[in-house]
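The analysis underlying the following values was restricted to heavy atoms, covering all of them including side chains, and did not include hydrogens, waters or symmetry mates. A note on names: the letters A, B, ... follow the listed sequences, proteins ahead of strands, and every chain is numbered from 1. Nothing here was measured: the structure is a model prediction, and the numbers come from that model.
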Amino acid sequence: MTQEEIYQRLTELFCKTFKREGLVITADTSAADIPEWTSLTYMNLVFEIEQAFGFTVKLKDMMSWQKVGDMVQTINKKVNGN
Amino acid sequence: MESRFSSFILTPFTQGLRDYAQRAALNISGTVYTYHQLACRVVAIRQGLQQLGGKDKIAALAIHDDIDTYAAIFALWMEGMAYVPLHPNQPLERNQGIVSQVGTELILDSVDNSPYQALNTHELKEVGGDEMLVSWVPTDDDQLAYILFTSGSTGVPKGVTISRRNVAAFMDSFWQTGIHIDHTDRCLQAFDLTFDVSVQSFLVALTRGASLYTVPYGMVKYLYVAQLIQDEGITFGAMAPSMLTYLRPYFDELDASTLRACILTAEACPTDLMEDWFRCASNTDIYDFYGPTEATIYCTYYKLSRQAHNLSENGIISIGKPLANIHAIILAEDGSLVTGQDKGELCVSGDQVTQGYWNNAVKNAEAFFEKEVDGTLRRYYHTGDLCYRHSSGNIMYCGRIDQQAKIQGFRVELGEIEYHAREFFERKHRAVAIAFQNASALTEIALFVEHPEEDPASLLAYLRSKLPGYMVPTRIYYCDSFPLNASDKINRTQLKSEIQ
């Protein structure tokens, strides 16, 4: 899976979870940029990521996710092994 | 004679500023501020307030996650004043409504781009002022310490006035529970300053020379707290059970071995969650504390047992016995005391109970009453909580008796959400807000609107502009007409059953 494909899929998950059509995410996007990003929606987002990319998200993964770019790095590692 | 507020708050706080000057008072977003630095900010803000002449007795305080906000609370108290918190993430219109209700002209803000005509505390520099750490304006315990505005069913927030006597009685009660905090502790402050558990969180730490760890705005709270527990070795903290519900899938990964004591509060506390939390927090004493804002933070508590059976009702841990300064009774619908283990409304009395809502005679007449119990006439507060007394003397919580819900620990009048939804439709359509538990046992709000189906985006945007984020419904349903019950009232039970 290319980085671009990961971003594309992740964008769909963000739009679905935060109920925001056309939401644009970049490596620098963080909770501060999306008002709907709360504990509840974040839990839903993590669930969607697990379903979509087929791996279990660990607490230490989430703790390292300051920005979307960090998420993509983890997903890339789990999905592509690098 | 020293006031109780001075004995329990100002004296130990100022003693700590001197005794622990080089120790960490606050840890905010990874930055450590010593008690000396905190003392300097308290002095600077006191000097700034003195220059204004002290006309106002109440100051609105824009609450930020910064040293000046905490320093300002103590500076105001030392100047004989009270604070009303204004949350920067809540709609400006709501905050301005609160300021005008209180009628103060004094607003303190620590940021340069304040939306208010405010005293910018950030610009204040202390000039000498060592004497300001050992003296303060003598103030009667009847004077206010803070006013917290909570959701009001008429669409206008209502202010709970908490006096210095209330806060002192609370601190006295708290220390009598046997929880011990000293300067070696690292304490958690995971609540917004608009919510009264924050007052417990910072007072317990900062009157004992301990370090206080705050949670910045805009963070996923449960993750940030998990990180603080694990990386900073938090030893004591109050949390809402919902925060642990979020963390529960990760308990086996979380190292909470430094946590000595943990208070669960602000929501009903599920038994099964606590069993799992005991396994994760292996060295922790766990307490369930209960209380409405009107009785100053907490009024009953139950210490859970790690080995023995814990008392519960429908899977909810007992709220335990009254604190030292609280007298609790359970009333039947006709206003008489219940007998045996009958259910009724929990009503509380004592020095922790507020003198009333700010300028709200109607609400005060409804919420407070006098009753003679055991030969003593006392003034009680109706908590609105349905409870019964177990044979052990512990109080069992069975739910709300009215239309309030708790979301993330915040008390929400569903009527306030309905009011704003109706306003959006120019009062032409009815709206019903219903609290429900989602699959993770967390409370959410669904809004039903009697209106043909449409894109809810503009309704949601309107509600976001009027209400704090936790009050904005997470689901919107449109119905052509509401189902009615036998009394021709909207059938809320049927509507609730439609929530998926």
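Within 6.0 Å of the CD atom in Glu5(A), the count of heavy atoms belonging to other residues, nucleotides or ligands exceeds 12. Within a 6.0 Å sphere centred on CD of Glu4(A), heavy atoms belonging to other residues, nucleotides or ligands number 12 at most. Residue Gln73(A) places its CD atom among 12 or fewer non-hydrogen atoms of other residues, nucleotides or ligands, all under 6.0 Å distant. Counting non-hydrogen atoms of other residues, nucleotides and ligands closer than 6.0 Å to NE2 of His451(B) gives a total above 12. Under a cut-off of 6.0 angstrom, the local environment of CZ in Phe53(A) is crowded, with over 12 non-hydrogen atoms contributed by other residues, nucleotides or ligands. When the shell of 6.0 Å around NZ of Lys78(A) is examined, it contains more than 12 heavy atoms from other residues, nucleotides or ligands. Around NZ of Lys406(B), the count of heavy atoms belonging to other residues, nucleotides or ligands within 6.0 Å exceeds 12.
Going from atom CD of Glu253(B) over to atom NZ of Lys58(A) covers 5.0 Å, rounded to the nearest 0.5 Å. Atom CE of Met63(A) is separated from atom OH of Tyr250(B) by 10.5 Å, given to the nearest 0.5 angstrom. Here the straight-line distance linking atom CG of Leu59(A) with atom CG of Asp252(B) works out to 9.0 Å at 0.5 Å rounding. The NZ atom of Lys60(A) lies 13.0 Å from the CD atom of Gln227(B); values are rounded to the nearest 0.5 Å.
With a 4.5 Å cut-off on side-chain heavy atoms, Leu442(B) and Met43(A) count as touching. Using a 4.5 Å cut-off on side-chain heavy atoms (C-beta onward), Thr474(B) and Thr41(A) make no contact. Annotation: side chain of Val220(B) is not in contact with side chain of Trp65(A) (no heavy-atom distance under 4.5 Å). Within the 4.5 Å cutoff, the side chain of Tyr222(B) has heavy atoms near those of the Tyr42(A) side chain.
Asn89(B) does not touch chain A: none of its heavy atoms, backbone or side chain, sits under 4.5 Å away. Heavy atoms closer than 4.5 Å to chain A are found in the side chain of Leu247(B), but not in its backbone.
Between Ala31(A) and Gly218(B), the shortest heavy-atom distance links the atoms CB-O, 3.2 Å.
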